[in-house]
Amino acid sequence: MSSLITEDEIRHECELVWLEDIDSLDYVRQSLDRLPTRGGRPVYHRDGRMVGYAVLGTAAKSSRTSGTFRRRVFWLLPHDRDSDPCGLYTTGAPAEAVDPRTLAVGVKGSKTERSEGGPPSSAMRELGITLPL
């Protein structure tokens, strides 16, 4: 869950790679996966699709026991809002979901009105930003 990711665990990131345009996504799910390398596109084993991933710098050390690296992977499931706007997450979002606009290298991101599917704030209305219904 993204709430369990600490900034210390992602301090060795040097790049976030997006496989899709995140401007159209209200949220992405994020997890720390054990991967065999610091960089490159990881193999994806979940339902749904991978939206992006983190690349680690050379200072990142592998686990002494498994030899793997903990890297963030960003993903969506078939029942998420982008694919099923009237489904389970019409409002609210999964626990591990964050607004992709709040993500950056070494920054775990956060939930926003947009990611939660809530009503737009007055600032959003003033800027002409609308949420999908």
Side-chain angles (χ1 to χ4, degrees):
M1 294 204 296
S2 64
S3 60
L4 300 178
I5 295 174
T6 66
E7 307 264 325
D8 186 56
E9 293 174 300
I10 57 178
R11 74 179 183 275
H12 293 298
E13 290 179 344
C14 64
E15 180 183 6
L16 297 182
V17 176
W18 296 108
L19 304 173
E20 295 184 20
D21 178 11
I22 59 171
D23 290 336
S24 63
L25 300 174
D26 292 343
Y27 64 81
V28 295
R29 296 171 186 251
Q30 70 174 338
S31 58
L32 273 175
D33 291 359
R34 291 202 172 275
L35 300 169
T37 62
R38 288 182 181 92
R41 184 177 180 156
V43 175
Y44 186 72
H45 297 290
R46 294 180 179 89
D47 288 341
R49 66 191 195 274
M50 181 170 40
V51 178
Y53 57 89
V55 175
L56 302 179
T58 56
K61 303 288 185 224
S62 63
S63 165
R64 290 182 193 166
T65 55
S66 68
T68 58
F69 297 89
R70 293 188 72 197
R71 291 170 49 198
R72 280 195 294 178
V73 175
F74 307 100
W75 47 285
L76 291 167
L77 292 175
H79 61 271
D80 282 326
R81 191 180 312 141
D82 71 303
S83 298
D84 190 4
C86 296
L88 179 63
Y89 294 113
T90 300
T91 60
E96 67 273 14
V98 294
D99 186 332
R101 291 156 207 78
T102 65
L103 292 165
V105 170
V107 177
K108 69 179 189 173
S110 59
K111 293 186 182 292
T112 63
E113 283 181 334
R114 182 180 180 111
S115 69
E116 291 297 300
S121 65
S122 57
M124 288 178 68
R125 287 192 298 271
E126 287 174 19
L127 293 170
I129 300 170
T130 58
L131 295 173
L133 298 174

* Asked: Do F69 and V55 share a hydrophobic cluster, counting only Ile, Leu, Val, Met, Phe, Trp and Tyr and linking them when any side-chain heavy atoms are less than 4.5 Å apart?
  -> no
* Which pair of heavy atoms, one from E9 and one from T6, lies closest together, and at what distance? -> OE1-N, 2.8 Å
* Between CG on residue D84 and OG1 on residue T90, distance to nearest 0.5 Å -> 7.0 Å
* Asked: Below 4.5 Å, heavy atoms only, C-beta onward: do D80 and R29 meet side chain to side chain?
  -> yes
* To do: Mind listing the closest non-hydrogen atom pair of S83 and P78 along with its distance?
  => CB-O, 3.4 Å
* Asked: Do the non-hydrogen side-chain atoms of D33 and R46 ever get within less than 4.5 Å of each other?
  -> yes
* Is the side chain of R81 donor-acceptor paired with the backbone N or O of S115 at a distance under 3.5 Å, no angle test? -> yes
* Structure fact -> All heavy atoms of S66 vs all of R34, minimum pair found to be OG-NH1, 4.2 Å
* With hydrophobic residues grouped by side-chain heavy-atom distances under 4.5 Å, do L25 and L77 end up in a single group? -> no
* What is the distance from atom CD1 of I22 to atom OG of S24, rounded to the nearest 0.5 Å? -> 9.0 Å
* Shortest non-hydrogen contact between C14 and G57, atoms and distance -> SG-N, 3.8 Å
* Do I10 and V17 share a hydrophobic cluster (ILVMFWY, side-chain heavy atoms under 4.5 Å, transitive)? -> no
* To do: With sequence neighbours excluded, tell me which residues meet ring pair (Phe, Tyr, Trp, His ring centres under 6.0 Å) with Y53.
  => none
* Look at the side-chain heavy atoms of Ile, Leu, Val, Met, Phe, Trp and Tyr, link any pair under 4.5 Å apart, and say whether L88 and L76 land in one connected group. => yes
* Tell me, do R41 and L19 make a side-chain contact under 4.5 Å, heavy atoms counted? -> yes
* **Close side-chain approach of W18 to L103, heavy-atom, < 4.5 Å** => yes
* Asked: If you look at every heavy atom in T58 and R38, which pair is closest and at what distance?
  -> O-NH2, 3.6 Å
* To do: Compare all side-chain heavy atoms of E96 with those of W75 and state whether any distance is below 4.5 angstrom.
  => yes
* Within-4.5 Å side-chain heavy-atom neighbours: R49 and D82 -> yes
* **E13 side chain to V105 backbone, donor-acceptor under 3.5 Å** => no
* To the nearest 0.5 Å, tell me how far S62 OG sits from L35 CG. => 12.5 Å
* Asked: Between A93 and A97, what is the shortest heavy-atom contact and its length?
  -> CB-CB, 4.0 Å
* Asked: Nearest 0.5 Å, what's the OH-CD distance between Y27 and E116?
  -> 9.5 Å
* Asked: About how many Å separate NE2 of H12 and NZ of K61, when rounded to the nearest 0.5 Å?
  -> 8.0 Å
* To do: Using a 4.5 Å cut-off on heavy atoms from C-beta on, say whether the side chain of D99 contacts that of K111.
  => no
* **Separation between CZ of R72 and CD1 of I5, rounded to the nearest 0.5 Å** => 6.0 Å
* Do T112 and R101 meet the criterion of a side-chain donor-acceptor pair at a distance under 3.5 Å? -> no
